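The next block holds one structure in the form of structure tokens; read it before the comments.
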Amino acid sequence: MAIIQDRKKCERARKARDARFDGVFFIAVKTTNIYCRPICPAGPPLEKNVEYHDSAISAASAGYRPCLRCRPDSAPLSSAWRGTQTSFHRGLELIHQGALQTGSIQDLAERLGISDRYLRELFEKNLGTSPKKYAIYQQCLFAKQLLHESALSITQVAYSAGFNSVRRFNEAMQQQLSLSPRQIRKSDKIVAGKLKLKLYYRPPYAWQHCLDFLQHRVIAGLEWSDTMSYSRTIRHADAKGYFTLQNNAKHNHLELMVHLDDYTSLNPVTQRIRAIFDVDAPVAEIDTQLARQLAGQIDYLPGLRIPGIWDSFEAGVRAILGQQVSVRQAISLVTKFVEELGDEIHVDGLGVKKLFPAPETVVEYSLDFFRMPQSRKDTIRRLAEHYLSDENPDDIDRWIDIKGIGPWTINYVKIRASKDPDVWLAGDAGINNAIKKLSAEPNIEQTKPWRSYLTFQLWNQL
DNA sequence: ACGACAGACTT
DNA sequence: AAGTACATGAAG
């Protein structure tokens with residue numbers, strides 16, 4: 001599963017340093033025990049000395065260390081397993097969210113509704129390692145990024161990456177990357193100041209679309225934006241903070257500035273932002289398939305990413321407040337909601353902003369300040385209660401039992417919070433309008449498994 | 001389902 | 001000489 005057998009394509013791609021294959025496979029060099037990206041500027045090794053891997057972790061667990069020039073650990077994520085294997089995929093997602101930082105494998109398996117045995121098996125089959133090893137590997141990669149790009153001390157890096165002792169951090173780094181933290185940092189000169197990180201993507205990235213979409217829906221107090229950047233407040237576990245994001249098209253990355261009051265959440269928060277801004281979307285694949293289906297029918301936007309919402313609760317509330325009203329009215333309702341119930345947070349240079357209200361707060365207070373049908377207020381309260389009583393409120397399919405929440409809302413939340421790539425928003429008024437303008441009805445089935453992207457391409461026509 | 005053991009983790 | 005920063009062995 002881990003080593004690629006079809007060498008021909010890989011050989012051609014690496015000799016041409018073809019950027020389209022960046023993140024798709026990795027070159028492990030047996031003579032040096034180093035692994036590289038297809039685009040590595042170093043002179044190409046002899047074909048007989050290389051081994052091709054389909055993921056960075058596969059090369060790492062085979063004993064190779066990441067190249068210091070092309071930094072294979074910062075390559076965009078491979079997407080071979082996207083869309084398939086929901087338990088496995090959700091497991092990966094939860095690990096990125098820090099599930100194994102505090103909880104055990106058993107806890108994770110339980111949340112997924114499978115046995116811990118089976119969870120191990122899924123990881124072994126798909127990645128060739130155990131869930132815990134993957135989590136540590138992932139933490140090491142993040143630590144490496146911090147060592148390269150931030151001015152944090154090595155001790156701070158250890159805790160920010162989710163380790164609970166420096167001792168263990170050093171050991172894990174040596175084991176996973178065959179480099180000590182010091183060795184990694186030595187190669188870089190870092191500028192002190194605010195914490196800035198680079199999120200690499202495979203171009204193109206339709207950043208302007210993303211920015212426009214978010215700007216049209218900005219909730220004052222919670223979010224703010226200018227011509228280049230988007231910012232908002234966030235909460236993750238016990239940590240509160242805010243971030244700003246802008247594009248660096250020239251170097252194929254988004255620039256992220258984060259502030260948190262508890263940096264043990266930095267890794268999960270960063271991963272969440274990656275997911276929300278769809279940094280790892282395999283756009284080349286999506287674009288060829290969708291463009292073929294929609295040939296000449298619409299003004300197709302290449303590199304479109306689906307802008308997400310911070311978490312499913314916020315997505316749910318926004319969707320409910322948007323029922324039966326215009327986008328503009330929905331925004332003013334959400335703004336009122338945040339203003340009334342959101343906790344305050346101080347943002348450097350901008351004064352006081354608001355956090356999105358937590359379910360606990362919503363349950364506690366009445367929603368009398370809202371001028372809208374009582375039934376919709378009740379729905380919001382029921383959603384909040386669901387978050388407090390349900391073991392796994394992020395399982396959006398279960399929301400169907402909540403009175404006042406229908407299939408449209410569920411699908412909408414799946415697209416924008418769960419980042420499900422294959423949701424078709426059937427019955428949406430905007431989608432119906434967009435379809436009416438087409439010369440021929442598109443074959444929705446043919447756009448699997450990227451129907452969420454079809455939805456957004458069509459919305460973009462309005 | 002259970003115990004032995006390995007190795008992950010903290011101090 | 002004392003303090004800081006990092007790496008690592010020993011023990012539980």
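All figures in this text were calculated on a predicted structure; none of them were measured in a lab.
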Near DNA chain C, under 4.0 Å by heavy atom, which residues of residues 156-180 of chain A? Arg167(A), Asn170(A), Ser180(A)
Between His96(A) and Tyr134(A), is the gap from one ring center to the other below 6.0 Å? yes
From the list Arg12(A), Lys8(A), Arg14(A), salt bridge (charged side-chain N to carboxylate O under 4.0 Å, His left out) partner of Glu47(A) resolves to Arg14(A)
Does the pair Arg120(A)/Glu124(A) count as a salt bridge with the N-to-O cut at 4.0 Å? no
Does Arg111(A) CZ have over 12 foreign heavy atoms under 6.0 Å away? no
Using the side-chain hydrogen bond (donor to acceptor under 3.5 Å, both in side chains) rule, collect all pairs that involve residues 348-367 of chain A, keeping only residues at least two apart or in two chains. Ser366(A)-Asp368(A)
For atom NZ of Lys186(A) and atom C1' of dC6(C), their distance in whole Å: 11 Å
Going by the side-chain hydrogen bond (donor to acceptor under 3.5 Å, both in side chains) test, which pairs reach into residues 159-172 of chain A, not counting sequence neighbours? Arg168(A)-Glu171(A)
Any salt bridge linking Arg90(A) with Asp394(A)? Criterion: basic side-chain nitrogen under 4.0 Å from a carboxylate oxygen. no
Could you list where the contact with chain A starts and ends along DNA chain B, reading 5' to 3', using a 4.0 Å heavy-atom cut-off? dA8(B) to dT11(B)
Pair Lys240(A) + Asp343(A), salt bridge at N-O below 4.0 Å: no
So, using ring-ring contact (aromatic ring centres under 6.0 Å, His included) as the criterion, who are the partners of His209(A) when residues are at least two apart? none
Base-pair string, DNA chain C, Watson-Crick plus G-U, cut-off 3.5 Å on both distances, | for inter-strand, is .........|||
Evaluate the ring planes of Trp399(A) and His386(A), with Trp represented by its six-membered ring, and classify them as parallel (under 30°), tilted (30 to 60°) or perpendicular (over 60°). perpendicular
